[in-house]
Colleague: 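Pasting a structure below so you can have a look.
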Amino acid sequence: MRQAHSLKFEKEMVQTSERVKYVDLHPSKPWILAALYSGNVCIWNYHSQKIEKSFKVTESPVRSAKFLVRENWIVVGADDGHIRVYNYDTMEMIKDIEAHTDYIRSLIIHLTLPYVLSSSDDKLIKLWDWEKDWICSKVFEGHQHYVMQAAFDPNDLNTFASASLDGTIKIWNMDSGSLDFTLDAHSKGINCIEYFMAGDKPFLISGSDDYTAKVWDYETKCCVQKLEGHTRNVTATSVHPQLPIIITCSEDGTVRVWDKTSYRLDNTLAYGLERVWTVAYMKDSSNVVFGCDKGTIVVKISGSNGSDSADV
């Protein structure tokens with residue numbers, strides 16, 4: 001496997017816009033979905049480098065927008081507490097749900113079941129079933145501050161993790177609605193959480209307002225590494241599905257690239273679009289997308305000899 005330090009990161013394209021709080025990628029169309037602080041949502045075609053669709057959702061900031069490809073939908077969560085569902089072909093609104101009493105921070109979609117999980121500043125996580133007309137089938141209560149993000153366990157789709165500004169990570173059983181365990185993870189609020197595998201071992205990675213990201217052994221529940229170096233809040237973390245790298249994003253305006261095995265810092269990227277809020281990977285591609293205060297950036301990762309790193 002190619003080492004992280006032999007990878008090159010080249011800016012492919014930039015789409016300037018209002019502040020981008022979240023990006024998602026369509027698995028088969030060349031589309032980047034961007035949720036904007038202005039209350040707009042847009043779909044950007046990264047092949048033609050043109051806006052395919054753009055529309056106003058609400059006067060409030062939109063902090064999460066996801067493609068729900070099984071239904072040709074976009075699911076959007078905003079600061080007005082509503083979840084809105086649109087057909088992305090016709091842009092017709094399918095559903096408008098008064099979901100939470102405060103900001104919706106994140107939405108995640110179950111890999112196999114017709115479920116969406118929403119996380120909110122009302123300290124609640126809610127499970128929505130779109131096959132039952134978007135009924136709220138469960139409420140998960142236990143965090144003491146805003147719930148910033150949740151993530152399903154890819155090895156057990158009945159389990160998910162949540163991250164909160166109360167400094168804890170909580171692991172929940174989806175079917176029973178019960179709390180499995182709590183990690184007192186950071187000295188300040190946690191903004192993001194993700195599962196990943198290293199070899200055959202499961203891990204979690206969390207990013208925090210304490211300026212660090214931490215890697216957790218999921219079985220022992222111990223922190224195995226603290227990733228230090230950012231000078232402001234860590235807003236997003238992601239482990240690349242093919243390449244041996246961990247990416248962290250921060251309000252300090254930088255993206256840091258870490259070796260997944262040694263946890264050594266291999267690269268610090270700065271693109272001049274101010275704070276970096278979100279990261280996503282293009283499926284079966286070496287491109288990575290970042291959402292920032294001033295727009296969206298597509299970055300190509302290649303081998304040091306110029307070869308496409310997806311093939312190395």
Colleague: Checking the side chain of Arg19 only, and the main-chain atoms of Ser38 only, is there a donor and an acceptor separated by less than 3.5 Å?
Modeller: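 Flag not set: sc Arg19 to bb Ser38 has no pair under 3.5 Å.
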
Colleague: Are the ring centres of Tyr88 and Trp31 closer than 6.0 Å?
Modeller: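 Close enough - the centres of the two rings lie under 6.0 Å apart.
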
Colleague: With a cut-off of 6.0 Å (strictly less than), are more than 12 heavy atoms of other residues, nucleotides or ligands near NZ of Lys188?
Modeller: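 Result for NZ/Lys188: open.
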
Colleague: Scan Leu117, Thr112, Leu113 and name whichever one has a side-chain contact (heavy atoms from CB on, under 4.5 Å) with Tyr115.
Modeller: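 The single option meeting the side-chain contact (heavy atoms from CB on, under 4.5 Å) with Tyr115 is Leu113.
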
Colleague: With distance as the sole criterion, is a donor-acceptor pair present between the side chains of Ser206 and His186 under 3.5 Å?
Modeller: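 Per modelled atom types, Ser206 and His186 side chains form a pair under 3.5 Å.
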
Colleague: Between Arg264 and Asp266, is the salt bridge (charged side-chain N to carboxylate O under 4.0 Å, His left out) condition met? List the steps.
Modeller: CA-CA 6 Å; Arg264 183 180 62 197; Asp266 278 309; 3.4 Å; yes

Colleague: Do Lys11 and Tyr271 have side chains that get closer than 4.5 Å, going by heavy atoms?
Modeller: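 Of all side-chain heavy-atom pairs linking Tyr271 with Lys11, at least one is under 4.5 Å.
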
Colleague: Apply side chain to side chain contact (heavy atoms under 4.5 Å, CB included) to Ile83 and Val75, showing your working.
Modeller: CA-CA 7 Å; Ile83 295 173; Val75 187; 3.6 Å; yes

Colleague: State whether Glu141 and Lys123 are salt-bridged, where the test is any N-O pair (Lys NZ or Arg NE/NH1/NH2 against Asp/Glu carboxylate O) under 4.0 Å.
Modeller: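 Answer for the salt bridge query: no.
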
Colleague: With under 30° as parallel and over 60° as perpendicular, where do the rings of Phe181 and Tyr218 fit, or are they tilted in between?
Modeller: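 If you compare the ring of Phe181 with that of Tyr218, the planes turn out tilted.
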
Colleague: Between Asn233 and Glu251, does any side-chain donor sit less than 3.5 Å from a side-chain acceptor?
Modeller: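 Glu251 and Asn233 do have a side-chain donor-acceptor pair below 3.5 Å.
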
Colleague: State the CG-CG distance between Asp24 and Leu107, to the nearest 0.5 angstrom.
Modeller: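 It is 10.5 Å, given to the nearest 0.5 Å.
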
Colleague: Supply the atom-to-atom distance Phe160 CZ to Ile171 CD1, rounded to the nearest 0.5 angstrom.
Modeller: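 Here the rounded value is 9.0 Å.
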
Colleague: Hydrogens and angles aside, do His100 and Ser118 bring a side-chain donor and acceptor to less than 3.5 Å of each other?
Modeller: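 Per modelled atom types, His100 and Ser118 side chains form a pair under 3.5 Å.
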
Colleague: Output the distance between atom CD1 (Ile51) and atom SG (Cys42), rounded to the nearest 0.5 Å.
Modeller: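 So the gap between those two atoms works out to 4.0 Å.
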
Colleague: Kindly compute the distance separating NE2 (His26) from NZ (Lys66), expressed to the nearest 0.5 Å.
Modeller: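 His26 atom NE2 to Lys66 atom NZ measures 13.0 Å (nearest 0.5 Å).
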
Colleague: When you check the side-chain N and O atoms of Glu52 and Trp44, is any donor under 3.5 Å from an acceptor?
Modeller: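 Judged by distance alone, the side chains do not pair up.
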
Colleague: Under a 3.5 Å threshold, yes or no: a donor from one side chain and an acceptor from the other, between Ser302 and Glu10?
Modeller: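 Ser302 vs Glu10: donor-acceptor pair found between side chains.
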
Colleague: Please confirm whether the ring centroid of Trp172 lies under 6.0 Å from the ring centroid of Phe140.
Modeller: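 That pair passes the under 6.0 Å test.
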
Colleague: Whether the Asn158 and Asn173 side chains hold a donor-acceptor pair (N or O, under 3.5 Å, no angle test) is what I'd like checked.
Modeller: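 Asn173 and Asn158 do have a side-chain donor-acceptor pair below 3.5 Å.
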
Colleague: Look only at the side chain of Asn45 and the backbone of Lys50, and say whether a donor-acceptor pair between them is shorter than 3.5 Å.
Modeller: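 No; zero donor-acceptor contacts below 3.5 Å.
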
Colleague: Under 3.5 Å, is there a donor-acceptor pair between the Asn72 and Asp89 side chains?
Modeller: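 Note: Asn72 and Asp89 side chains meet the donor-acceptor criterion.
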
Colleague: Please report the C-alpha distance between Ser286 and Lys300 in whole Å, then the side-chain angles of each, then the deciding distance to 0.1 Å, and finally whether the side chain to side chain donor-acceptor pair (under 3.5 Å) criterion is met.
Modeller: CA-CA 6 Å; Ser286 56; Lys300 182 177 182 180; 5.3 Å; no

Colleague: Nearest 0.5 Å, please: how far is CD1 in Ile205 from CZ in Phe196?
Modeller: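 One finds 5.5 Å between CZ of Phe196 and CD1 of Ile205.
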
